[in-house]
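Before any comments, here is the structure.
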Number of protein chains: 2
Amino acid sequence: MALSGRTVERLSVYRRLLVMQGQSGEESVYSHQLAEMVSGTAAQVRRDLMEVGVTGHSKRGYRVANLIEGISKVLDDPAGTRIVLVGAGDLGRAALGFIKGRNAALRIVGAFDNDPSKIGRVIHGYRCASIDELERVIAAEQVEVAIITTPAGVAQPVCDRLVAAGVRGIVNFAPTPLQVPEGVWVERVDIATALEKVTCLTRSV
Amino acid sequence: MALSGRTVERLSVYRRLLVMQGQSGEESVYSHQLAEMVSGTAAQVRRDLMEVGVTGHSKRGYRVANLIEGISKVLDDPAGTRIVLVGAGDLGRAALGFIKGRNAALRIVGAFDNDPSKIGRVIHGYRCASIDELERVIAAEQVEVAIITTPAGVAQPVCDRLVAAGVRGIVNFAPTPLQVPEGVWVERVDIATALEKVTCLTRSV
DNA sequence: GGTCTGCTGTGAACGATATCACAGGTATAC
DNA sequence: GTATACCTGTGATATCGTTCACAGCAGACC
Ligand SMILES: NC(=O)c1ccc[n+]([C@@H]2O[C@H](COP(=O)([O-])OP(=O)(O)OC[C@H]3O[C@@H](n4cnc5c(N)ncnc54)[C@H](O)[C@@H]3O)[C@@H](O)[C@H]2O)c1
Ligand SMILES: NC(=O)c1ccc[n+]([C@@H]2O[C@H](COP(=O)([O-])OP(=O)(O)OC[C@H]3O[C@@H](n4cnc5c(N)ncnc54)[C@H](O)[C@@H]3O)[C@@H](O)[C@H]2O)c1
């Protein structure tokens, strides 16, 4: 199945909205309702849902439980994804707090730093370990995904270690593009760029 | 000038890399060098640079100082962009620390929270003010851009207040799509989605 | 039962983005 | 001075993503 990155992003958002909607008791949604929530078009929503294989009903729309299950089957690894975080600074702390308990399929199995004053501290329930433990934990827990929240200067060497240790996917918060070999997926979260984009594009609307 | 969002993102990255490169003494770069740094193609880089109007030299490539100036002319508001941040929690703190002193054209003029224990505190050099001051500061400083780092539940009402007060661009960290009227630009920074995207797409590489 | 309404599923048209490929130019080597 | 190598700028082309438009279907209403 060759799902495009764009589609995966939207599916993630749909699911989040649907989980809320499910809590509020609604049993089904129409494509145009989902579209309105994300400021998109109904056709786009239907096409995305088509790709995950869930199917709706001519008059009653899509069953919420059905959608959540179908999307989860595509987005989540059934075995769960084990994740490490490197760089337990301000942003690392925020990320740990955010992920905690959000999606059961995503499990943080280690947080690492090289600052002796951070090592041993417990942050949002996760004990910060020494960066020296990195390779051992990745191997022991079969970690596939890593989050980099170190300063920009060390992001590339940290990335290289992660990849060498077997990590296949990286979420990079450092404001530096990372060089990785074929077969490793990097997702940038670039806050500086987001800000500059807004300041630039706001002026031309 | 109708610069596409994609192009603006890349320009932002080029500039950041060029500023570093400038510090290391290099006077000029070739399109293929920039391309390699961002794992892109040389043709893409040249096209982006063409759009900002800077021009290179057949044999010497592009002059770094020239590029930085040209890109800045497009990305930055010459009058500077005044920014407020709402929600001085973990992520708000990280964002304030990150933006501080990064780009002179971006100036934080206020950080707001509704938690009495946060109000009055100084975070990374910015004093946290009461959310009651929001409209006053936006009007007084002619704020155009806002950063939302509140919990998801209040992101929409906060957004509505910002827009009503005159804000035209928003960087939204809350995991909720925001509804805004025509003429307001929203840039999502969705960490949950980034993680889910990586876990999903890593498995299909 | 027949008609009317309004939703889904999807081929086809469209629009946006990225890549190709090459003409034009300039330094360098000989 | 001529040949060579290698870079930029850009029209043409290919790829990718979104929207259109409509057939098909299911319930509601008479
Ligand atoms: N704060 C933000 O909103 C924000 C936004 C965008 C990008 N970033 C980037 O995210 C990164 C972290 O930001 P922050 O605000 O948390 O900074 P920070 O300085 O608070 O945190 C960085 C942490 O990384 C640790 N570290 C340094 N070298 C290390 C190494 N070799 N191995 C392991 N750990 C190491 C440091 O000890 C520190 O704890 C930076 O690259 C920053 O530019 C931050
Ligand atoms: N931490 C992350 O990495 C991360 C990632 C993605 C998204 N987010 C989102 O960013 C937001 C903030 O995350 P956080 O970890 O900083 O949470 P947090 O609870 O530490 O911070 C939220 C802050 O917002 C303030 N606040 C609440 N209601 C407010 C109101 N009406 N007006 C003004 N301020 C108000 C709270 O007092 C608190 O200080 C959340 O929506 C979270 O889901 C966080």
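Everything numeric here is computed off the predicted structure, so don't read it as measured data. Letters go in sequence order (proteins before strands), and every chain restarts at 1.
Distances shorter than 4.0 Å separate some side-chain N or O of A/His57 from OP1 or OP2 on D/dG27. Between B/His32 and D/dC7 there is a side-chain N or O to OP1 or OP2 distance below 4.0 Å. Listed pair B/Ser58 / D/dC6 fails the phosphate criterion, with no side-chain N or O lying under 4.0 Å from OP1 or OP2. Contact annotation: B/Thr41 side-chain N/O to C/dA18 OP1/OP2 distance is not under 4.0 Å. The side chain of A/Thr55 places an N or O atom within less than 4.0 Å of a non-bridging phosphate oxygen (OP1 or OP2) of C/dG9. Phosphate contact (OP1/OP2 of C/dG9, side-chain N/O of A/Tyr62, threshold under 4.0 Å): present. OP1 or OP2 of D/dT18 sits under 4.0 Å from a side-chain N or O of A/Arg10. Phosphate proximity of D/dG17 to A/Gln44: absent, as no side-chain N or O sits under 4.0 Å from OP1 or OP2.
Atom CD in B/Glu36 sits about 13 Å away from atom P in D/dC7, given to the nearest Å. Computed from coordinates, the A/Glu9 CD to D/dC16 P distance equals 17 Å when rounded to whole Å. Atom CD in B/Glu51 sits roughly 12 Å away from atom P in D/dG11 (whole-Å rounding). Put simply, CG on A/Leu49 is 8 Å from P on C/dG9, counting in whole angstrom units. Whole-Å rounding puts the A/Leu67 CG to C/dC7 C1' distance at 14 Å. Whole-Å rounding puts the A/Lys59 NZ to D/dG24 C1' distance at 14 Å. Atom pair A/Leu34:CG and C/dG9:P shows a separation of 13 Å (rounding to whole Å applied). In this structure, the CZ atom of B/Arg63 is 13 Å from the P atom of D/dT8, given to the nearest Å.
Using a 4.0 Å cut-off between a side-chain N of Lys or Arg and a carboxylate O of Asp or Glu, A/Lys197 and B/Glu187 qualify as a salt bridge.
The environment of CD in A/Glu133 is crowded: more than 12 heavy-atom neighbours from other residues, nucleotides or ligands sit within 6.0 Å. In A/Glu27, the CD atom is not crowded: 12 or fewer heavy atoms of neighbouring residues, nucleotides or ligands sit closer than 6.0 Å. Taking a 6.0 Å sphere around CD of B/Glu36, one finds it holds 12 or fewer heavy atoms contributed by other residues, nucleotides or ligands.
No hydrogens or angles were tested; on distance alone, a donor-acceptor pair under 3.5 Å links the side chain of B/Arg46 to the base of D/dG9. Not a single donor-acceptor pair, N or O on each side, falls under 3.5 Å between the base of D/dT18 and the side chain of A/Arg47. For a distance-only test at 3.5 Å, the side chain of A/Arg60 fails to qualify as a donor-acceptor partner of the base of C/dG6.
Mapping A/Ala43 and B/Ser31 onto DNA chain D by nearest heavy atom places B/Ser31 closer to the 5' end of the strand.
In summary, the side chains of B/Thr193 and A/Arg16 do present a donor paired with an acceptor at a separation below 3.5 Å, with no hydrogens or angles considered.
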